[in-house]
Amino acid sequence: VDLKNDCLAGMEALVRLNHPKHGIIPPNDFIPLAEENGLIVEIGDVVLRKACFAANKWLEQGLFNGRVAVNLSSRQFALTDLQQRVESILRLTKLPAKHLELEITEGTVIKNPEKAIKVMQQLAKMGVSLALDDFGTGYSSLKYLANLQIDYLKIDKGFVQGLNKQTNKGIVIAITQLAKNLGKHCVAEGVETIEQLNFLKNIKITLINFL
């Protein structure tokens, strides 16, 4: 949600596993296993394809004019043909690249910052937006932050939901100012209460994700 203009700015695709016996299983319970056995690559392709098809349908119906955000796993990010995979799905779904946002976790980036910079540059040339997810949790080096081809810094929901503590308030303010100084957009994730919303409005955050 864009707080400045009070409108929908985008949405995020969140995968769930619909198990025949156990019902809906959250990603924290099955994504690590999928990462371990390699199935995450196929799952990621399916999620990206479904998200792009849906976003294009909403665009055509005039219901939506923002971005759909899709998370990239560390295994996907390491694929040598990642750019070709994304391009293929955009062609298939006919979704303009400017309406797609790819999210990479801070932890994925710091495993190999130099390679991450090259991959993100390739993706950015396609016209997709890039976001650094869970910012502030991966002990990243600020040395690389200015060189990353990202459009959005996403403040981890743990900081937002802990805004009753002065330390978390300070961290959120600091990340917001850092993003502003770097010319990046800043997104606060996991907003649940009016108090959190009002605090974020007061420090001039413009984009938030609700749970």
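- Panel note: side chain Arg67, backbone Gly10; no donor-acceptor pair is recorded below 3.5 Å.
- Within the 3.5 Å criterion, the main-chain N or O of Asn198 finds a donor-acceptor partner in the side chain of Asn202.
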Verdict with supporting geometry, Leu90 and Met126, side-chain contact (heavy atoms from CB on, under 4.5 Å): CA-CA 10 Å; Leu90 288 175; Met126 295 167 50; 4.1 Å; yes

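- Summarising the geometry of Lys157 relative to Gly190, their closest heavy-atom pair is CB-CA, 3.8 Å, with the distance given to 0.1 Å.
- Side-chain contact check for Leu182 versus Ile150: every heavy-atom pair is 4.5 Å or farther apart.
- From Thr193, atom OG1 reaches atom CZ of Phe199 across 11.5 Å, with rounding to the nearest 0.5 Å.
- Annotation: side chain of Thr206 is not in contact with side chain of Leu3 (no heavy-atom distance under 4.5 Å).
- Atom CG of Leu17 and atom CD1 of Ile31 lie 9.0 Å apart (nearest 0.5 Å).
- No donor-acceptor distance shorter than 3.5 angstrom exists from the side chain of Asp133 to the backbone of Glu103, with no hydrogens or angles considered.
- Other members of the cluster containing Tyr152 are Val187, Leu207, with ILVMFWY side chains joined at under 4.5 Å, either directly or via other members.
- Taking CD1 from Ile89 and CG from Leu48, the interatomic distance works out to 4.0 Å, rounded to the nearest 0.5 Å.
- The structure places NZ of Lys4 at 13.5 Å from CD1 of Ile205, a figure rounded to the nearest 0.5 Å.
- Relative orientation of the Phe64 and His99 rings is tilted, given thresholds of 30° and 60° on the angle between their planes.
- Salt-bridge check for Glu60 with Lys94: failed, with every basic side-chain N at 4.0 Å or more from each acidic carboxylate O.
- Checked by atom type and distance alone, the side chain of Asp81 never pairs as donor or acceptor with a backbone atom of Gln84 at under 3.5 Å.
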Arg85 and Val41: CA distance, side-chain angles, deciding distance, side-chain contact (heavy atoms from CB on, under 4.5 Å) verdict: CA-CA 11 Å; Arg85 284 170 178 261; Val41 173; 3.6 Å; yes

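- A 4.5 Å side-chain heavy-atom check between Leu63 and Lys57 finds every atom pair outside the cut-off.
- Each of Ile155, Thr105, Ile104 was checked for a side-chain contact (heavy atoms from CB on, under 4.5 Å) with Asp134, and the lone residue meeting it is Thr105.
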